[in-house]
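One is the number of the first residue; the rest follow in order along the sequence.
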Amino acid sequence: MDAHEAECRSLLPPVLLLLLAERPGHGYELVRRLAAMGWTDIDSAHVYRLLRGLEACGSVTSSWDASFHGPARRVYTVTHQGAMELALSFVRLGELHGVLHLFLERYGQLRDATAPDGTGPEPTGPGPDATGPDATGPGATRPGAGAHPGPGKGPRAPSVRSGRTDRAERPHHMRRNRT
């Protein structure tokens, strides 16, 4: 398992708690709901192990439901403790979201390694008009400002997904209206 897969797997417990807070479900249904959220390569056996672990910790409860066609299924429901853990995960992931947002924003502001005239490397760090912890100019409030000359005024690093960098491609929480 590589680091990326381990990071994704570490998000599964709060994601399962979220799905169960939305509505109770059985294991196979939860795997389908995870796939609808983009977790297409998730191993169903891992989901079942996580559900058993969440139940052992008191975050979820389960009961057998024979109302489905076919064999009885174990239906999982989030407990009060699980709801509290979900709320804590919301806070922690919100903080992480802020850090990741700044990282992605700053990465998007990087210039190419060479100057437009091909003479050599351009500075990539904050300049005198930048803001943030390394800024020297007035009004230092946002990390990375000034590191990129603005939309359409210089080369940008391509996005990882498609090589395009237009604003419409970014997730809605990363879009800024520029007037």
Side-chain angles (χ1 to χ4, degrees), residues 1-65 68 71-110 124-126 132-134 141-145 147-148 156-176:
M1 174 183 341
D2 65 6
H4 176 71
E5 187 177 342
E7 290 168 347
C8 290
R9 281 182 165 226
S10 70
L11 292 174
L12 275 174
V15 171
L16 286 171
L17 289 174
L18 173 67
L19 293 176
L20 292 172
E22 290 173 343
R23 71 175 187 269
H26 58 84
Y28 180 69
E29 177 196 4
L30 291 167
V31 170
R32 285 196 333 257
R33 289 166 63 192
L34 284 167
M37 290 181 67
W39 299 77
T40 55
D41 295 334
I42 193 68
D43 180 22
S44 60
H46 182 65
V47 172
Y48 284 104
R49 281 191 300 273
L50 285 173
L51 288 168
R52 284 191 300 272
L54 289 170
E55 187 171 23
C57 293
S59 301
V60 300
T61 59
S62 68
S63 60
W64 288 100
D65 187 353
F68 292 102
R73 298 180 180 175
R74 186 175 292 273
V75 176
Y76 293 89
T77 307
V78 71
T79 64
H80 177 72
Q81 177 182 327
M84 298 302 291
E85 291 172 14
L86 177 59
L88 180 60
S89 294
F90 173 79
V91 171
R92 289 180 175 165
L93 290 172
E95 292 168 355
L96 180 60
H97 175 268
V99 171
L100 291 174
H101 175 75
L102 287 175
F103 170 83
L104 295 171
E105 185 177 81
R106 289 181 73 158
Y107 180 81
Q109 294 174 347
L110 288 176
T124 57
D134 298 328
T141 58
R142 189 173 60 82
H148 185 270
R156 292 179 64 138
S159 74
V160 175
R161 283 188 31 215
S162 69
R164 295 184 56 193
T165 58
D166 48 348
R167 189 174 84 78
E169 179 185 343
R170 294 183 185 171
H172 74 284
H173 65 276
M174 292 184 62
R175 295 182 194 157
R176 279 187 292 164

Inset, instruction - Any chance you could lay out the side chain to side chain contact (heavy atoms under 4.5 Å, CB included) test for M37 and V15, step after step, and finish with the verdict? - result: CA-CA 10 Å; M37 290 181 67; V15 171; 4.0 Å; yes
Inset, instruction - Quick one: do L51 and L30 satisfy side chain to side chain contact (heavy atoms under 4.5 Å, CB included)? Show the steps, please. - result: CA-CA 10 Å; L51 288 168; L30 291 167; 3.8 Å; yes
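Across all non-hydrogen atoms, the minimal contact from T61 to E55 is C-OE2, 4.0 Å.
Contacts of E7 classified as salt bridge (Lys or Arg N to Asp or Glu O under 4.0 Å), with partners at least two apart in sequence or in another chain: none. Residues meeting the side-chain hydrogen bond (donor to acceptor under 3.5 Å, both in side chains) test with R74, sequence neighbours left out: S62.
Applying the side chain to side chain donor-acceptor pair (under 3.5 Å) test to pairs two or more places apart or on separate chains, those with a residue in residues 77-95 are S59-E85, Q81-E85.
Distance OH/Y76 to CG/L54: 9.5 Å, rounded to 0.5 Å.
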Would you give me the side-chain donor-acceptor pairs under 3.5 Å for residues 16-25, sequence neighbours excluded?
from	atom 1	to	atom 2	distance (Å)
R23	NE	E29	OE2	3.4
R23	NH2	E29	OE2	3.3

Show me the donor-acceptor pairs within less than 3.5 Å that the side chains of residues 40-48 make with the rest of the protein, sequence neighbours left out.
from	atom 1	to	atom 2	distance (Å)
D43	OD1	A45	N	3.4
H46	ND1	R9	NH1	3.2
Y48	OH	Y28	N	3.0

